[in-house]
Amino acid sequence: MVNIEQLEALKSASIKLKSKNAEEKNNLLKHLSEALLTEVKEILLANNLDLSNAKRSGVAEPMLDRLMLNQERIEAMAQSLIDVIALADPVGIIESRSVRPNGLEVFKQRVPIGVIFMIFEARPNVVIDAAALAFKSGNAILLRGGKEAIHTNTKLVDIWCRVLSDAKKFGSPVQLVQDQSYQTVNELLKQSDFIDLVIPRGGENLIKSVVTHSTIPVLKHDKGLCHCFVDSSADIETALSIIEDGKLSRPSVCNALETLLVEQNITDVFWSKLQAIGDKHQLKFYCCSKSSEKLNGEPIKDESQYDREYLDKSISIKVVTDIDDAIKHIGLHGSRHTEVIVSNDQSNIERFTQEVDASVIMQNCSSRFSDGGELGLGAEIGISTSKLHAYGPMGLDALTISRYLVQGKGHIRHPKASGDH
């Protein structure tokens with residue numbers, strides 16, 4: 001059941017936040033960072049309970065990796081708050097100014113969105129990262145995590161609430177949906193009087209369900225079916241390094257590689273060294289008919305397998321004729337997340353960049369850099385695959401929108417002025 005009092009408190013807090021300056025918000029985030037480090041043991045106890053329950057329920061290994069916290073990951077969460085503190089506050093920034101012929105001054109100004117409803121799966125760090133970005137950008141946020149992380153998420157939100165309560169001037173801008181039923185989520189997706197934007201972050205089924213049921217604008221953070229295209233001009237060692245990092249540094253995350261596209265006339269040295277990487281890391285290759293002649297792997301069953309996000313030590317391999325073939329394949333199977341080209345052919349690089357439809361294009365570097373922190377945004381609320389006001393990793397700026405501020409000196413518009421509707 002929807003908690004209307006909770007929604008009213010969020011709406012009230014979003015109004016209070018509009019008048020708070022950067023120093024006030026940064027002080028709160030500093031205290032939160034310190035609180036996380038103080039309560040590492042308590043956070044890990046809650047997380048261990050979630051992990052034990054998840055393992056008993058047969059949760060897959062990639063999700064267990066996303067769910068798991070340790071000392072290092074908690075310290076990284078605390079550091080992400082310090083990184084957010086260092087970022088410029090976008091609220092109130094004047095993007096442009098013009099003066100009309102009649103003397104009116106027209107400004108374009110960044111303002112908070114309002115109340116954000118964030119739905120995510122088993123990644124408890126989202127509670128800290130997303131809420132910190134929402135808070136500093138002047139937004140209240142309602143968090144609904146997966147049931148696998150309920151104890152960890154509850155503990156992290158409790159820390160948020162205690163620090164906010166101690167400050168006594170922000171209201172309750174960070175709250176958690178305790179009711180895990182789908183019915184409650186579907187009801188919340190229709191609360192447009194209280195919620196301004198919905199951000200789902202997770203698998204394909206979650207995204208589809210949210211889009212189907214929501215009457216509130218949705219900014220999708222969809223699956224990361226990331227490709228790497230290696231053309232025949234590429235430096236072999238550079239390509240292999242980028243593939244190894246993109247697929248194997250952390251296979252369970254959304255910016256990991258899932259499909260490798262290789263131009264047909266690449267040297268045999270590439271294939272033998274790729275096989276060696278596979279053997280070293282127990283990487284499973286799913287091969288097209290041509291790549292199966294070069295690698296030890298299982299055959300691709302049909303074209304639909306290229307739509308699969310493995311999130312483990314598996315990767316699809318396809319030999320393509322040329323860059324046209326690669327771009328066509330990505331157009332059919334990509335998720336608009338992150339796409340990589342490894343090439344020394346500037347013409348191919350330019351065509352790939354211009355013609356591939358993705359929120360992030362990587363030129364001769366790993367897909368794993370598709371991350372708000374790596375791109376200088378501090379923490380990120382996610383990677384938008386929707387072509388709305390934000391596309392790609394979303395930091396502080398992406399959680400504000402533009403409005404017009406018009407200053408006059410008693411100006412009025414004549415009722416019969418041209419352009420009236």
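Just so it is clear, the structure is predicted and the values come from calculations on it, not from any experiment.
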*Got more than 12 heavy atoms from elsewhere within 6.0 Å of CD, Q183?*
no

*So, the side chain of S367 versus the backbone of N255: is there a donor-acceptor pair under 3.5 Å, distance only?*
yes

_Holding to ring-ring contact (aromatic ring centres under 6.0 Å, His included), I want the full list of residues that pass it with Y310, two or more places apart in sequence or in another chain._
Y286

_If you apply the rule side-chain hydrogen bond (donor to acceptor under 3.5 Å, both in side chains), what do you find for D179 with T184, and how did you get there?_
CA-CA 7 Å; D179 185 342; T184 294; 2.7 Å; yes

*Determine, stepwise, if the pair F170 / K16 fulfils side chain to side chain contact (heavy atoms under 4.5 Å, CB included).*
CA-CA 6 Å; F170 296 105; K16 281 185 178 182; over 6 Å; no

*Run the numbers on K155 and E42 for salt bridge (Lys or Arg N to Asp or Glu O under 4.0 Å), then give the verdict.*
CA-CA 8 Å; K155 178 61 183 176; E42 290 80 1; 5.7 Å; no

_From CA spacing to verdict: salt bridge (Lys or Arg N to Asp or Glu O under 4.0 Å), K11, D196_ = CA-CA 10 Å; K11 194 74 172 179; D196 298 288; 3.8 Å; yes

*Measuring from H333:NE2 to Q305:CD, what's the distance to the nearest 0.5 Å?*
11.0 Å

*Taking the inter-plane angle between the rings of H329 and Y306 on a 0 to 90° scale, is it parallel (under 30°), tilted (30 to 60°) or perpendicular (over 60°)?*
perpendicular

*Ignoring hydrogens and angles, tell me if any N or O in the side chain of N186 forms a donor-acceptor pair with the backbone of H213 under 3.5 Å.*
no

*Can you establish whether the number of heavy atoms outside E23 located under 6.0 Å from its atom CD is more than 12?*
no

*Is the closest side-chain donor-acceptor distance between Q71 and E75 under 3.5 Å?*
yes

*Carboxylate-amine/guanidinium proximity below 4.0 Å for K273 and E237*: yes

*L225 backbone acceptor or donor facing S335 side chain under 3.5 Å*: yes

*Ignoring hydrogens and angles, tell me if any N or O in the side chain of R144 forms a donor-acceptor pair with the backbone of Q180 under 3.5 Å.*
yes

*Report the C-alpha distance between S80 and D129 in whole Å, list the side-chain angles of each, state the deciding distance to 0.1 Å, and finish with yes or no for side-chain hydrogen bond (donor to acceptor under 3.5 Å, both in side chains).*
CA-CA 7 Å; S80 74; D129 292 351; 2.9 Å; yes

*asked:* Other residues, nucleotides and ligands only: do more than 12 of their heavy atoms fall within 6.0 Å of CZ on R100?
replied: no

_T353 vs Q363, side-chain hydrogen bond (donor to acceptor under 3.5 Å, both in side chains): CA-CA, chis, key distance, verdict_ = CA-CA 8 Å; T353 302; Q363 303 173 355; 2.8 Å; yes

*Check side chain to side chain donor-acceptor pair (under 3.5 Å) between S359 and all other residues, then give those that pass, not counting sequence neighbours.*
none

_Check this for me: E303, atom CD, are more than 12 non-hydrogen atoms of other residues, nucleotides or ligands nearer than 6.0 Å?_
yes

*Ignoring hydrogens and angles, state whether a donor on the side chain of Q191 or E187 is under 3.5 Å from an acceptor on the partner side chain.*
no

*List the steps, then state whether side chain to side chain contact (heavy atoms under 4.5 Å, CB included) holds for L67 with D50.*
CA-CA 8 Å; L67 172 61; D50 285 329; 4.3 Å; yes

_Qualifying residue for side chain to side chain contact (heavy atoms under 4.5 Å, CB included) with V230, from L274, L261, I243_ = I243

*Flag the pair D65 and R250 as a salt bridge only when some basic side-chain nitrogen lies within less than 4.0 angstrom of an acidic carboxylate oxygen.*
yes

_E258 bridged to K247 by N-O distance under 4.0 Å_ = yes

*Ignoring hydrogens and angles, state whether a donor on the side chain of D231 or S343 is under 3.5 Å from an acceptor on the partner side chain.*
yes

*Take atom OH of Y391 as the centre, draw a 6.0 Å sphere, and report whether it contains more than 12 heavy atoms from other residues, nucleotides or ligands.*
yes

*Using side-chain contact (heavy atoms from CB on, under 4.5 Å) as the criterion, list what pairs up with D268, not counting sequence neighbours.*
W271, K294

*How about R56 and N53: does a side-chain donor come under 3.5 Å of a side-chain acceptor?*
yes

